[in-house]
2 protein chains.
Amino acid sequence: MKADEGGLDARKAYILATVVYEYVATAEPVASNTLTQKYSLGVSSATVRNEMAELEAGGYLVQPHTSAGRVPSDSGYRTYVDHLMQPEDLGEEERRRIGDELRDASRELDDIIDSTTRLLGRLSKNLAFVTRPQQDTQTFKHIQLIWLTPRTGVAVVVSSLGVAAQSLFELTADLLPDELTRLSNALNARFADRPLRDVTESAIAALVGELGVSEELRGVVQTALQSARSGEQPAVAAAGAQNLVDQPEFQDLRKLRSILRIVEEQKSLYDIVAGAMATPATSVRIGRELGSEEMADLSVVTVPYRFGAHAVGMLSILGPRRMPYARLIALASGTAQSLSERLSEHQVS
Amino acid sequence: MKADEGGLDARKAYILATVVYEYVATAEPVASNTLTQKYSLGVSSATVRNEMAELEAGGYLVQPHTSAGRVPSDSGYRTYVDHLMQPEDLGEEERRRIGDELRDASRELDDIIDSTTRLLGRLSKNLAFVTRPQQDTQTFKHIQLIWLTPRTGVAVVVSSLGVAAQSLFELTADLLPDELTRLSNALNARFADRPLRDVTESAIAALVGELGVSEELRGVVQTALQSARSGEQPAVAAAGAQNLVDQPEFQDLRKLRSILRIVEEQKSLYDIVAGAMATPATSVRIGRELGSEEMADLSVVTVPYRFGAHAVGMLSILGPRRMPYARLIALASGTAQSLSERLSEHQVS
DNA sequence: GGTAGCACTCTTCCCGCAAGACTGCTAGCC
DNA sequence: GGCTAGCAGTCTTGCGGGAAGAGTGCTACC
């Protein structure tokens with residue numbers, strides 16, 4: 001009874017692993033006969049049946065009905081993922097292709113995230129979604145208040161990740177271009193290269209007071225920075241929903257509809273990612289572990305991506321519980337790695 | 001045989017209209033009996049059967065099989081839409097609700113379009129998609145080249161629709177902030193309020209030459225303006241795909257998959273809109289009129305929205321051919337109207 | 001021209017039965 | 001004690017047939 005077999009003896013562990021493997025491949029409940037024929041177990045199907053019955057008693061397998069083969073349960077998958085599966089690695093070739101494809105994407109942050117999401121959806125043949133970078137670990141670089149007319153203008157905020165926010169503003173009293181320039185310069189002088197979260201409302205208010213510029217500008221700058229910090233719930237890009245239609249578990253249209261609803265609602269997507277926020281590394285959540293009856297037969301693999309030293313976002317793959325975990329984990333990690341590299345090139349230095 | 005009955009005598013026209021109406025409501029082939037019972041035709045079902053047989057001979061109706069009722073054909077729907085249907089109007093109440101909801105959306109152009117799309121998806125209970133404004137009829141307002149480090153910066157272009165583009169740039173030689181300011185000022189002085197398309201590559205090149213600033217900046221400005229003109233294929237926002245799952249015509253998963261593919265591919269969505277570009281007003285395209293076998297049982301209603309005097313984008317509803325045309329046309333027009341109004345408030349004056 | 005009535009066609013639904021897939025158990029073997 | 005052959009038992013799946021039902025087209029008649 002070795003630790004890395006999840007508390008099962010070697011033969012049970014091997015049988016559980018093959019059941020998962022086979023079920024992932026075929027989507028059919030796995031029979032004892034199938035195992036003895038396809039895998040060299042060295043025992044007869046009767047013995048396998050006994051072992052399977054014990055695995056079922058232990059909660060690792062379930063039987064859809066009496067005369068059917070077995071299917072892994074949530075905790076069967078969990079044991080497989082934590083202890084039994086052979087970790088995969090992307091080939092050199094594939095790793096390179098991912099890198100190349102991301103390098104070809106535009107320089108704009110949003111486009112890079114979009115491309116990454118689509119790429120991951122395509123390669124994983126599941127639904128991929130990626131949160132846009134959370135900028136609160138990033139540094140403030142520059143703000144520019146641009147004068148358009150005496151009462152309108154644009155505020156542009158640049159953080160270390162690039163253009164972080166831009167917003168039109170409209171004032172109730174006329175203003176000279178000079179006032180905007182002075183405020184921009186003062187803000188830049190004081191806050192350049194400091195963490196974005198240091199540029200607080202009170203710091204802005206103080207500066208506006210010192211300079212004696214219009215009080216209205218305080219609100220303008222605060223709004224722009226607020227949107228640069230992009231709230232607590234960053235936007236999420238999704239791609240690959242059509243891949244799920246082909247999976248036999250989504251023949252049931254109710255399930256499909258609830259998935260589509262999730263995809264179209266930023267909030268639901270974000271909630272899923274939020275559940276993985278606690279762990280700084282790869283997270284796999286299986287079935288009911290996702291905490292919602294609606295997602296009881298889904299699984300999600302989530303991997304953080306970095307910008308510099310900090311994790312700034314998450315990259316996820318969502319699919320049926322019956323997913324090739326090792327492959328998808330490798331794919332998500334590899335893509336996160338490439339994305340992290342791509343982002344550091346992109347950095348405003 | 002009146003012109004506004006599409007070349008059919010009054011009774012045939014009425015029967016065709018009721019068949020469409022009834023089929024849209026029930027999704028079941030319509031029987032002669034149903035018509036005589038539900039609508040006061042003043043004739044017996046046998047007479048209706050004779051009329052229906054003639055309508056079928058004329059290509060307006062088809063019969064799924066011998067002992068079934070009738071279903072409208074593409075040209076049946078076409079005649080209905082062009083000549084028979086009673087145009088609908090949004091109630092005052094609904095019109096106001098749409099207006100309110102759009103007014104609550106953020107000031108940012110992208111957010112306004114996103115909200116509009118989601119609103120239209122929800123109200124139409126179909127798939128809605130909206131092209132982002134094409135900016136080539138808009139005017140140039142302002143460009144600002146922002147110095148970040150000696151070799152990097154940000155270019156921000158503001159058009160009459162708001163912030164039209166922003167892009168990071170990186171140079172191979174050092175530059176002084178002053179050079180960027182001079183170029184920005186010169187561009188603003190020369191092009192302010194002129195149509196965006198007047199700011200040509202050669203005009204930029206000439207100005208860069210006159211000022212004697214770095215040749216590299218020519219490329220930077222050109223790239224920024226190029227992206228402000230946002231290419232020939234503006235981005236398209238989509239929402240409401242999950243509504244289609246409930247429609248009986250999409251029980252067939254192949255159809256659903258092809259719809260999802262279309263939604264996820266900007267290009268396919270744009271191609272659909274492109275087909276309506278020719279007409280400046282409301283366009284309804286039915287089934288095979290969409291020009292693709294894949295979309296043979298879909299219909300699309302497309303309505304332009306304006307910014308100032310010009311149509312700058314299209315607002316579309318895609319659903320099964322069996323859609324409530326009058327209602328959706330009213331909804332799309334009403335929403336386009338509200339969006340147009342919302343945009344003119346948003347205008348950079 | 002309109003209608004009642006009827007024969008005919010085609011789909012849909014349900015039932016029952018046979019075939020097939022696996023299991024669990026028992027008895028016996030090494 | 002662990003393993004296996006063999007078999008009875010259970011449950012699903014697929015198929016055929018038959019009844020019910022929905023609608024039509026046609027004919028004969030008003």
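Chain identifiers are assigned alphabetically (A, B, ...) following the order of the sequence lines, protein sequences preceding nucleic acid strands; residue numbering begins at 1 within each chain. Heavy atoms only: backbone and side chains are in, while hydrogens, waters and symmetry mates are out.
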Which nucleotide in the list [options] gets nearest to the side chain of [X]?
X     : options               : answer
A/T47 : C/dT23, D/dG25, D/dC3 : D/dC3
A/A53 : D/dA5, C/dT3, C/dG24  : C/dG24
B/R70 : D/dA5, D/dG25, C/dG2  : D/dG25
A/S44 : D/dA5, C/dT23, D/dT24 : D/dA5

From A/E265 atom CD to B/R118 atom CZ, the distance as rounded to the nearest 0.5 Å: 9.5 Å
Just to verify, what does A/Y77 make a ring-ring contact (aromatic ring centres under 6.0 Å, His included) with, not counting sequence neighbours? A/Y325
Can you name the salt bridge (charged side-chain N to carboxylate O under 4.0 Å, His left out) partners of B/R285, sequence neighbours left out? none
Using a strict 4.0 Å threshold on nitrogen-to-oxygen distance, state whether A/E51 and A/K12 make a salt bridge. yes
Distance below 4.0 Å between A/T66 side-chain N/O and D/dT10 OP1 or OP2: no
Whole-Å gap separating [atom2] ([N]) and [atom1] ([X]):
X     : N      : atom1 : atom2 : result
A/E28 : C/dT23 : CD    : P     : 13 Å
B/N33 : D/dA22 : CG    : P     : 10 Å
B/H65 : D/dG23 : NE2   : C1'   : 9 Å
A/L35 : C/dA21 : CG    : C1'   : 15 Å
A/Q63 : C/dA21 : CD    : C1'   : 12 Å
A/N50 : C/dT23 : CG    : P     : 11 Å
B/E51 : D/dT24 : CD    : P     : 14 Å

Hey, which sits more toward the 5' end of DNA chain C by its nearest nucleotide, B/V48 or A/G69? B/V48
Let me spell it out: for each of A/E56 and B/R11, pick the nucleotide of DNA chain C with the closest heavy atom. Which residue's pick is nearer the 5' end? B/R11
Using a 4.0 Å heavy-atom cut-off, does A/S32 contact any base of the nucleic acid, only the sugar-phosphate backbone, or nothing at all? sugar-phosphate
Under the 3.5 Å rule, do the base of D/dG6 and the side chain of A/R49 count as making a donor-acceptor pair? yes
Is any side-chain N or O of A/S67 under 3.5 Å from a base N or O of C/dC22, one able to act as donor and the other as acceptor? no
For A/Y21, look at atom OH and say whether over 12 heavy atoms of other residues, nucleotides or ligands are found less than 6.0 Å away. no
